[in-house]
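Okay, structure first, notes after.
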Amino acid sequence: MKINFIPIDYNYFDFQGRNYARIVGRTDKGKRVCLIDTCDVYFWAILKDGLKDKKIESICKKIERIKVSGKTRDSRVLKTEVHEKNFLSKKVKAVKVFITNYKDAHAIVNEIGFKEVEKRRGYDLGFITKYIIERKLKPLNWYSIDGELLGNEDIGGIANLDVDLCLRVENINEIEKEEFVPKVLAYDIETDEFEIGKGNIVLISLVGKNFKKVLSWKKDSKKPYVEKCKDEADMLEKFINYVKEYGPDILAGYFSDGFDLPYLRARAEYNGIKLNLGLDNSQPTFTRGNTRTGKINGIIHIDLFRFIRNVYSQYLQSETLSLNEVASEFLGEKKIEWEHNHSSKLDNAKWEDYFEYNLHDSLLTYRLYEKIWPDMIEFTKIVQEPLFDISRSTMASQVEDYLIHNLERFNEIAEKRPIYDEIGRRRAEGKYEGAYVFQPIPGLYEDIAFFDFTSMYGSIIVSFNLSRSTLLEKKEKGSVEVELDKKVYFSKKKGFFAEMLEEIIEKRKQYKKEYTKNPSGLLKARSNAFKLLANAAYGYQGFFGARYYCIEAAAGTAALARKEIKKTIENIENEGYKVIYGDTDSISFLRGKKSKKQVLDLLKKINSKLPGIMELDLEGFFKRGIWVTKRTGDFGAKKKYALIDEDNKIKIRGFETVRRDWCKLARDTQNKVLEFILEDGNDKRAKKYLEKIINKIKNREVDLKDLIIKTQLKKPIEEYKSISPHVTIAKRMKEEGLPVNIGMLIEYYIANIDKKRSLVRERAKMIGDNDKYDVDYYLNKQILPSVENILEVFDVNTKELVEGKKQMKLGEF
DNA sequence: GTTCGAGTCGTACC
DNA sequence: ACGGGTACGACTCGAAC
């Protein structure tokens, strides 16, 4: 029979010793379908140069005789073929070794240690990756599938699979169809204890399209969406039933890999219930290791937190990746305020709030899912790994997967993943010199122009062909020379890495253009995905875990970036402009008396001379900007500046205002001071404002919540060599039985106690402690440092401002 | 006991 | 272990006085 089908979830199983893929997806009529399919399993034995055909033939014969016997199955080589391939852009002869089971690839590879075999590759790719490459059944694309209807045969457990239809695949044809809209259920749980499985699960909420539900067992409610269950066990069973009834393609949570799903699993176990959410009635499985991952057979479990952290975090303003902040940034909507309490301490009114709070979390999760679904589907289609993996992959692995799925076009054999020793070696190579940062001269400037290179590092990799496969052992005709510790050379002939990256950058440009003409969430996501891939390509080559790691390419990229930006700065100065700052790929300079048109002409002129696909762009014109002195030393601080554009929009970089480890008061004060100075061009309003704040502190009129300092605990308490205030507080919290986890923001303030003691940590207090705040500390260690260097530009001595007032105050007594 | 420079740590920029 | 280097600045630590 023939169906239109979109693959969603990929799995594999063994049947009679062979590997099969089991793909769950939907038809265009919304039916849930399972496909059973298989593909050739093989790896490559790359031969040494110059072997005679006869020799090669005998090697193939030898390989074909290999058999390995294991505990559960015997495996053998099925056949061999000799192919002309490329490996790291070099032409090679390679034996394609077909085997019975991919899990035995390593064992068979170990039998091929012949001296004529130079390298063995392609045995460390996952079966599903191999399957997608071989059969070209790419996730979240539409296909017309010819297949044989599977009835009662129990192959791969399909007999117990909750789907409408099972097919054994015969033919696959890609087709065009409208965007797929999956069925999605968002969920969230409330518990009495934070530690997984320790306390009861009190509430479970579910939100889908036209569906909302809160399951409760401790308390009933008149709210229509609240359903009372007998006990925790009953609630868990109802949860399972609702999921099964709704039949989602995707079950989405926020931090659910690390909390909700393992908690559900633990409580199910405690209550003697099987959490059989899988389409095959299996329970969720969790990968071991530092980051737990929860998988449900047939349904994609997505932890939105992980996708946002891996793909988006560097582009977000949020200071933490909590659901509250992330939802607020993406959706403009916050969580309902709620103080966590043990359920036994709630009165009736509070319970009603609790239901609402719990439901709202699922609602936010659902909306967040809707918001970033276009990005997830685009990443999946571009990178071509299953959605489950895409939603959890780091950017380095997205880049690598993109490469792997596109190697065939270059007839390339995949490089192997580095093993433990290799990673150690790479890490020992140490750092290389990175970006160039221009030393600014402190001051307030008017009429500033700001240029930046578009995808600078990516465009350098493309323009100079910097990659592992193009790195030469010695100079060649036309090769690119880069001066590092030693000189390194890259081939003139374009390698696949630069080719693919060029395509990525090209597509980014194309879709960005299409988007501006015809805005849609999809086009935006598509252009964005290409942009993120392009930006991650540089980091990938310098990443010790990368298959195509190349420290020379990474260091070379940085070196050429330094060279190009310095050259451009010189060009701008030669045209009579004064450059005041630059960092990595950006340059700001004073427009002076010249018109905007003249600046744009200069841009054009520079662009006409840039190498390869490199491009300089106008970031904007700013009417005013400020650069300040370093706190230690008397020269300009790098990575700290503030600008105001012609619409009075302010852009602040590096200042305490944007640092979460400063108290709110200091940040707000600095922000105001910068704002007043940039708007007015003088310090009058700023000074007045500062005086007001100083008085407020001295008179103890400041709310304690504005004085809280938040610092992240980055590792286990015992591992700290230097015990800073936040570590002291974390220790205390642990002693008091409060939850302390790595990654948590530790909150404290500095109190007016033990003034003789010199260490700040001895005066650090937790919120709720009844000590008064330390006026001196907040004046001299928070407010003053945050504004000192800014007002110094106007020769204002802030110290006198602080102390002068203090004396006046003393005089009043 | 105080002083000061080195080292640790967290967070930002690009 | 799960992109890279550059930079700032607070705070602690410990040697030197």
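Every chain is numbered from 1, with letters handed out A, B, ... down the list of sequences.
- Residue-level contact check: A:Phe655 touches neither bases nor backbone, having no heavy atom under 4.0 Å from any strand.
- The residue A:Arg631 sits close only to the backbone: its heavy atoms come under 4.0 Å of sugar-phosphate atoms, none of a base.
- For the pair A:Asn535 CG and B:dC14 P, the interatomic distance rounds to 14 Å; values are reported in whole Å.
- Note: A:His301 and A:Phe286 fail the aromatic proximity criterion, with ring centroids not under 6.0 Å apart.
- The separation between A:Ile729 atom CD1 and B:dC9 atom P is 18 Å, rounded to whole Å.
- Looking at heavy-atom distances under 4.0 Å, A:Tyr457 makes no contact with the nucleic acid at all.
- In terms of heavy atoms, A:Lys512 sits closest to A:Ser527 at N-CB, 3.7 Å.
- One can place NZ of A:Lys630 at 15 Å from C1' of B:dA12, the figure rounded to the nearest angstrom.
- Using a 4.0 Å heavy-atom cutoff across all strands shown, A:Gly545 reaches no nucleic acid atom at all.
- Using a 4.0 Å cut-off between a side-chain N of Lys or Arg and a carboxylate O of Asp or Glu, A:Lys639 and A:Asp583 qualify as a salt bridge.
- Residue-level contact check: A:Leu759 touches the backbone only, with heavy atoms under 4.0 Å from sugar-phosphate atoms and none from bases.
- Backbone-only engagement by A:Ala435 is indicated by non-hydrogen atom pairs under 4.0 Å involving sugar-phosphate atoms exclusively.
- No contact: A:Tyr420 has no heavy atom under 4.0 Å from any strand.
- Here chain A contacts DNA chain C (any atom closer than 4.0 Å to a heavy atom, that is under 4.0 Å), and the contacts span C:dA1 to C:dC13 from 5' to 3'.
- Under the 30°/60° scheme for interplanar angles, the aromatic rings of A:Tyr581 and A:Tyr641 are found to be tilted.
- Taking atom CD of residue A:Glu619 and atom P of nucleotide B:dC13, one finds them 13 Å apart after rounding to whole Å.
- Between A:Asp645 and A:Lys649, no side-chain nitrogen of the basic residue sits less than 4.0 Å from a carboxylate oxygen of the acidic one, so the salt-bridge criterion is not met.
- Nucleic acid contact class of A:Tyr549 (heavy atoms, under 4.0 Å, all strands): none.
- Note on A:His726: a side-chain N or O is less than 4.0 Å away from OP1 or OP2 of B:dG10.
- Residue A:Tyr548 is tested with A:Phe497, A:Tyr540, A:Phe496 for a ring-ring contact (aromatic ring centres under 6.0 Å, His included); the sole match is A:Phe496.
- For A:Tyr720, a side-chain nitrogen or oxygen approaches OP1 or OP2 of B:dG10 to under 4.0 Å.
- Between A:Glu570 and A:Lys567, no side-chain nitrogen of the basic residue sits less than 4.0 Å from a carboxylate oxygen of the acidic one, so the salt-bridge criterion is not met.
- When the C1' atom of B:dT8 is taken as reference, atom CZ of A:Arg761 falls 13 Å away, rounded to whole Å.
- The separation between A:Tyr315 atom OH and B:dC13 atom P is 14 Å, rounded to whole Å.
- Spacing between atom NZ of A:Lys721 and atom P of B:dT8 amounts to 5 Å, rounded to whole angstrom units.
- Summarising the local packing, CD1 of A:Ile441 is surrounded by 12 or fewer heavy atoms from other residues, nucleotides or ligands at distances under 6.0 Å.
- Within the 4.0 Å cut-off from OP1 or OP2 of B:dG10, not a single side-chain nitrogen or oxygen of A:Arg660 is found.
- Contact annotation for A:Lys431: base contact, defined as any heavy-atom pair under 4.0 Å involving a base atom.
- Note: NZ (A:Lys715) to P (B:dT8) measures 9 Å, nearest angstrom.
- For B:dA12, neither phosphate oxygen OP1 nor OP2 lies less than 4.0 angstrom from any side-chain nitrogen or oxygen of A:Lys638.
- At a threshold of 4.0 angstrom between heavy atoms, the contacts of A:Gln541 with the nucleic acid are absent.
- Comparing B:dC14, B:dC13, B:dG10 by their closest approach to the side chain of A:Val658 singles out B:dC13.
- Among the atoms of the strands shown, only primed sugar atoms or phosphate atoms (P, OP1, OP2) are found under 4.0 Å from some heavy atom of A:Gly434.
- Residue contacts for A:Thr394: at a heavy-atom cut-off of 4.0 Å it reaches the sugar-phosphate backbone alone, with no base atom in range.
- A:Tyr749 and A:Asp769 form no side-chain donor-acceptor contact under 3.5 Å, judged by distance and modelled atom types alone.
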For DNA chain B, the dot-bracket pattern of Watson-Crick and G-U pairs whose distances stay under 3.5 Å, | for other-strand partners
||||||||||||||
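- Environment of CG in A:Asp485: sparse, with no more than 12 heavy atoms of neighbouring residues, nucleotides or ligands closer than 6.0 Å.
- Each of A:Leu560, A:Ile505, A:Ile613, A:Leu501 was compared with A:Ile461 under the side chain to side chain contact (heavy atoms under 4.5 Å, CB included) criterion, and only A:Leu501 meets it.
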